[in-house]
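Everything below concerns the one structure shown next.
Every number for a ligand or one of its atoms is a count from 1 in the order of the listing. Count residues from 1 along the sequence.
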Amino acid sequence: MGKCMIIGCGGVASVAIHKCCQNSEVFEGIMIASRTKSKCDALKEKLQPTTKTVIETAQVNADNVDELIALIEAYKPDVVLNLALPYQDLTIMDACLATKTHYVDTANYEPLDTAKFEYKWQWAYRERFEKAGITALLGSGFDPGVTGVFSAYAMKHHFDEINYIDILDCNGGDHGYPFATNFNPEINIREVSAKGSYIEDGKWIETEPMEIKRVYNFKGVGEKDMYLLHHEELESLALNIKGIKRIRFFMTFGQSYLTHLKCLENVGMTSIEPIMYEGKEIVPLQFLKAVLPDPASLGPRTVGKTNIGCIFRGKKDGKDKTYYLYNICDHQECYKEVGSQAISYTTGVPAMIGAMMIMTGKWNKAGVYNIEEFDPDPFMEALNKWGLPWEEDFNPVLVD
Ligand code: NDP
């Protein structure tokens, strides 16, 4: 069917690459292009004997638009799947525009020096993508990603209007370390140490970090503490889903994680303000990343399950209706299949599916779109097929 260039070769990319290789009918060729080429080559060596997908590798600095353009022009992919870091979103979008190549990512742009993630920078590309006749699919991971597809599916099949959405992200996995993050530590800690926020009646309401706590009993996991966080899909879902009065995002954290995080915050280790150390400027959070376990190394040691989904409340045919859509994913099953834990898996699978939607022409409109703006049905079908089957509950316990 076509060729995909995957940028980045970390935890999420590794899963997406495994999945592309399982799906050779669509992904006839992939190029893995990242900062450290040896990681790309190691994956190629492991996977090429197992797949018909032709794998190529390249070194690229994705902060450099000209380098990206040269590589895209040489390989001529149908789509570029950005699985580097949010800091690279705009340079990769620029290169896609210059070469008229479709673009997919899993996290919205964030400037390196302000831990504030919002869509305005990427939405500003709408007209240019439309004019170029290419698609940018934003946020094709799990959250954002599947949560948006779930919302579009609920809207299409179950509601006339959705008034309340609670997104619940539960990781019941245990890696046995006192403190580690499940994906890129710098991005993860920037996210959880930021102020919380949610949208009510069209307005953002800000909270202190971890100020709002609830307890929820998750199927497949059990009872967990969860905390309200700011999360990027709130911004787009509040605009794209009809009838929204309130939308919130909760993530589970264990007490040990929170105690470590507080301590690291208190001593200044989570700061993104550069400091001078022995004559060299360093960013404390980047130094912390260097001493924490690499998320990719958690795979073999993580046991337990994740349960991520959305509880919708709204109206159908004039009556109140509640609907919960979620996926349960087992860390060890993921590790057996692709050598990664479930956090990378639940992001890497939807990333592959997003690229597939565009390569197969199932999703085909020029411009910059969030994932809930497309027909959810083929994506929902693909989730069941490619390892993230979903479950539904028409009478869930609600979050107060
Ligand atoms: P990792 O840190 O494991 O991987 C990032 C990869 O990008 C690394 O291979 C890194 O190279 C490469 N990279 C970084 N900077 C550059 C650059 N300038 N040029 C080329 N390559 C570069 O991160 P994850 O795999 O955990 O996360 C990947 C993305 O997925 C992030 O944007 C994250 O926010 C997002 N994500 C989304 C989720 C969702 O549900 N939507 C959930 C989890 C993550 P090197 O190997 O040299 O370090």
Applying ring-ring contact (aromatic ring centres under 6.0 Å, His included) to Y326 and not counting sequence neighbours gives Y324
So side-chain hydrogen bond (donor to acceptor under 3.5 Å, both in side chains) across residues 63-77, not counting sequence neighbours, yields D63-Q88
Apply salt bridge (Lys or Arg N to Asp or Glu O under 4.0 Å) to D160 and K315, showing your working.
CA-CA 6 Å; D160 296 323; K315 295 241 182 315; over 6 Å; no
* Asked: Charged N to carboxylate O under 4.0 angstrom, E25 versus K52?
  -> no
Sorted by chain and number, sequence neighbours left out, salt bridge (Lys or Arg N to Asp or Glu O under 4.0 Å) with K195 holds for E208
**Prompt:** In terms of heavy-atom contacts, does NZ of K362 have more than 12 from other residues, nucleotides or ligands at under 6.0 Å?
**Reply:** no
Residue shell for ligand 1, any heavy atom closer than 4.0 Å, reads G8, C9, G10, G11, V12, S34, R35, T36, K39, V60, N61, A62, D63, L83, A84, L85, P86, Q88, T106, A107, G141, F142, D143, P144, F183, N184, I187, T347
